[in-house]
Q: 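Please find one structure pasted underneath; my questions will follow.
This one's a predicted model, so the numbers in the text were calculated from it and none came from an experiment.
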Amino acid sequence: LMIRRPPRSTPLFSSAASDVYKRQNLDTAKSRLADVLSRNERRMLADLMLSDVVEVILKNPKIEKVFLVGDKQLSPKSGTFIIQEKFNNGYNEAISFALRDKRIANSDAIVILPGDIPLITTEEIENFINDAPKNGIRIAPDRDREGTNALLLAPPTLIKTQFGKLSYSRHLELAEKCCSNVEVIDSDGLAFDIDSPEYLKDFCGNASSTKSYEFLKRNGIAASLLG
């Protein structure tokens with residue numbers, strides 16, 4: 001995303017990655033859900049969750065551009081720009097690859113978001129980017145406070161990203177070593193990533209206007225999971 005920081009005209013960029021987990025593409029997306037969803041259902045859900053995330057981001061008037069990072073299987077989304085990898089090598093590798101783009105590398109900051117947090121709201125995005133530090137880090141953990149579901153880096157290369165298992169504690173430790181301006185933002189929508197059958201069931205148990213929920217309801221998946 002490119003974000004305007006009033007009153008300055010210098011933009012902020014963020015890169016919205018299409019997948020949280022290492023070595024996944026749309027064909028292997030959400031493999032943890034294989035016990036409850038078919039391969040095609042997982043692929044559809046991953047794509048719709050990304051659509052939900054992008055739709056919310058684009059509603060923020062401060063955001064000028066959204067960049068999606070992925071391999072050739074990444075579906076284009078209206079209003080976004082794709083940074084295409086030759087190979088899907090993982091989340092951290094995708095961010096490193098995106099930083100080769102001068103539009104992102106030369107920006108004031110980046111905000112990195114996964115594509116499996118369909119319950120985020122415009123208010124949460126606004127809160128996370130509002131008054132972004134000129135030299136600092138913001139971290140939004142997942143529900144278990146183990147993973148990282150949003151990361152703001154100002155400047156973009158302040159630390160090397162540590163996405164993966166226990167990334168929240170690794171990001172926090174690294175941030176506190178190199179920077180005095182570190183903030184942790186707890187936010188329900190940002191924290192709710194759908195990466196297990198239990199979390200998918202929780203998602204289905206709370207009706208929402210997201211494309212992801214409508215897909216699960218329309219295809220009888222929600223009813224099946226909820227018994």
Q: Do N135 and L158 come within less than 4.5 Å of each other through their side chains, counting heavy atoms only?
A: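 Counting from C-beta outward, N135 and L158 do come under 4.5 Å.
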Q: State whether the side chain of N60 and the backbone N or O of V56 hold a donor-acceptor pair below 3.5 Å, judged by distance alone.
A: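 Side chain of N60 to backbone of V56, a donor-acceptor pair under 3.5 Å: no, none is there.
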Q: Work out which heavy atom in P118 is nearest to a heavy atom in F203; give both atom names and the distance.
A: CG-CE1, 3.8 Å
Q: Begin from the C-alpha positions of N181 and I137 and carry the test side-chain contact (heavy atoms from CB on, under 4.5 Å) through to its verdict.
A: CA-CA 6 Å; N181 191 350; I137 296 173; over 6 Å; no
Q: Between N219 and F215, is there a donor-acceptor pair closer than 3.5 Å when you use the side chain of the first and the backbone of the second?
A: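 Confirmed, N219 side chain pairs with F215 backbone.
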Q: Following the transitive rule for hydrophobic clusters with a side-chain heavy-atom cut-off under 4.5 Å over Ile, Leu, Val, Met, Phe, Trp and Tyr, establish whether L174 and L166 coincide in one cluster.
A: no
Q: Donor-acceptor pair, distance only, cut-off 3.5 Å: does the side chain of D195 make one with the backbone of R32?
A: no
Q: Run the numbers on T210 and S212 for side-chain hydrogen bond (donor to acceptor under 3.5 Å, both in side chains), then give the verdict.
A: CA-CA 5 Å; T210 62; S212 305; 4.7 Å; no
Q: How about L68 and V66: do any of their side-chain heavy atoms sit closer than 4.5 Å?
A: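 Sidechains of V66 and L68: in contact.
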Q: Could you tell me the separation between the CE atom of M49 and the CG atom of D52, rounded to the nearest 0.5 Å?
A: 9.0 Å
Q: Taking the side chain as everything from C-beta on, heavy atoms only, tell me whether E214 gets closer than 4.5 Å to S209.
A: no
Q: Rounded to the nearest 0.5 Å, what separation is found between the CG atom of L50 and the OG1 atom of T80?
A: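 Answer rounded to 0.5 Å: 8.0 Å.
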Q: Quick check: does any side chain N or O of S167 sit under 3.5 Å from a backbone N or O of T148, one acting as donor and the other as acceptor?
A: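 Yes.
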Q: Using 0.5 Å steps for rounding, measure from the CG atom of L45 to the NZ atom of K211.
A: 13.5 Å
Q: Using 0.5 Å steps for rounding, measure from the CG atom of D193 to the CD1 atom of I120.
A: 12.0 Å
Q: Please report the closest heavy-atom contact between C179 and G136, naming both atoms and the distance.
A: SG-CA, 3.5 Å
Q: Return the minimal non-hydrogen interatomic distance between V111 and F128, and the atom names on each side.
A: CG1-CE2, 3.8 Å
Q: I would like to know whether I104 and I83 meet side-chain contact (heavy atoms from CB on, under 4.5 Å); could you show each step before the answer?
A: CA-CA 11 Å; I104 296 176; I83 297 178; 3.5 Å; yes
Q: So, does S224 use its side chain to make a donor-acceptor pair with the main chain of G220 at under 3.5 Å?
A: no
Q: Should the pair D131-R138 be classified as a salt bridge under the 4.0 Å nitrogen-to-oxygen rule?
A: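 So D131 does not pair with R138 through a salt bridge.
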Q: Looking only at non-hydrogen atoms, find the nearest pair between E124 and D188 and report the distance.
A: OE2-N, 3.4 Å
Q: Specify the closest pair of heavy atoms between A140 and L190, including all atoms of both residues, with the distance to one decimal.
A: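 That would be CB-CD1, 4.0 Å.
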Q: Do the side chain of T161 and the main chain of F163 share a donor and acceptor less than 3.5 angstrom apart?
A: no
Q: Are any side-chain N or O atoms of D142 and backbone N or O atoms of A191, one a donor and one an acceptor, separated by less than 3.5 Å?
A: no
Q: Atom CG of L48 and atom CZ of R43: how far apart are they, to the nearest 0.5 Å?
A: 11.5 Å
Q: Given 3.5 Å as the limit, does a donor-acceptor pair link the side chain of E126 with the main chain of E123, or not?
A: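 Pair absent, no side-chain N/O of E126 close to backbone of E123.
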Q: Pick out which of E173, Q162, R145, E146 makes a side chain to side chain donor-acceptor pair (under 3.5 Å) with Y168.
A: R145
Q: Step by step, would you call L200 with L37 a side-chain contact (heavy atoms from CB on, under 4.5 Å)?
A: CA-CA 10 Å; L200 181 62; L37 298 178; 3.9 Å; yes
Q: Does any non-hydrogen side-chain atom of L152 lie less than 4.5 Å from one of P133?
A: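 Touching, per the 4.5 Å side-chain cut-off.
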Q: For T122 and K59, which heavy atoms make the closest approach, and how far apart are they?
A: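 So the two residues come closest at CG2-CB, 3.6 Å.
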Q: Going by salt bridge (charged side-chain N to carboxylate O under 4.0 Å, His left out), name the residues that satisfy it together with D144, two or more places apart in sequence or in a different chain.
A: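 Scan of D144 (salt bridge (charged side-chain N to carboxylate O under 4.0 Å, His left out), adjacent residues dropped) gives none.
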Q: Test side-chain contact (heavy atoms from CB on, under 4.5 Å) on E183 and I139 and set out the steps.
A: CA-CA 6 Å; E183 300 176 66; I139 308 170; over 6 Å; no
Q: Are any non-hydrogen side-chain atoms of K160 and N92 less than 4.5 angstrom apart?
A: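 Side chain of K160 against side chain of N92, heavy atoms only: no contact under 4.5 Å found.
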Q: Between OH of Y199 and CZ of F192, what distance do you get to the nearest 0.5 Å?
A: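 Rounded to the nearest 0.5 Å, the OH-CZ separation comes to 8.0 Å.
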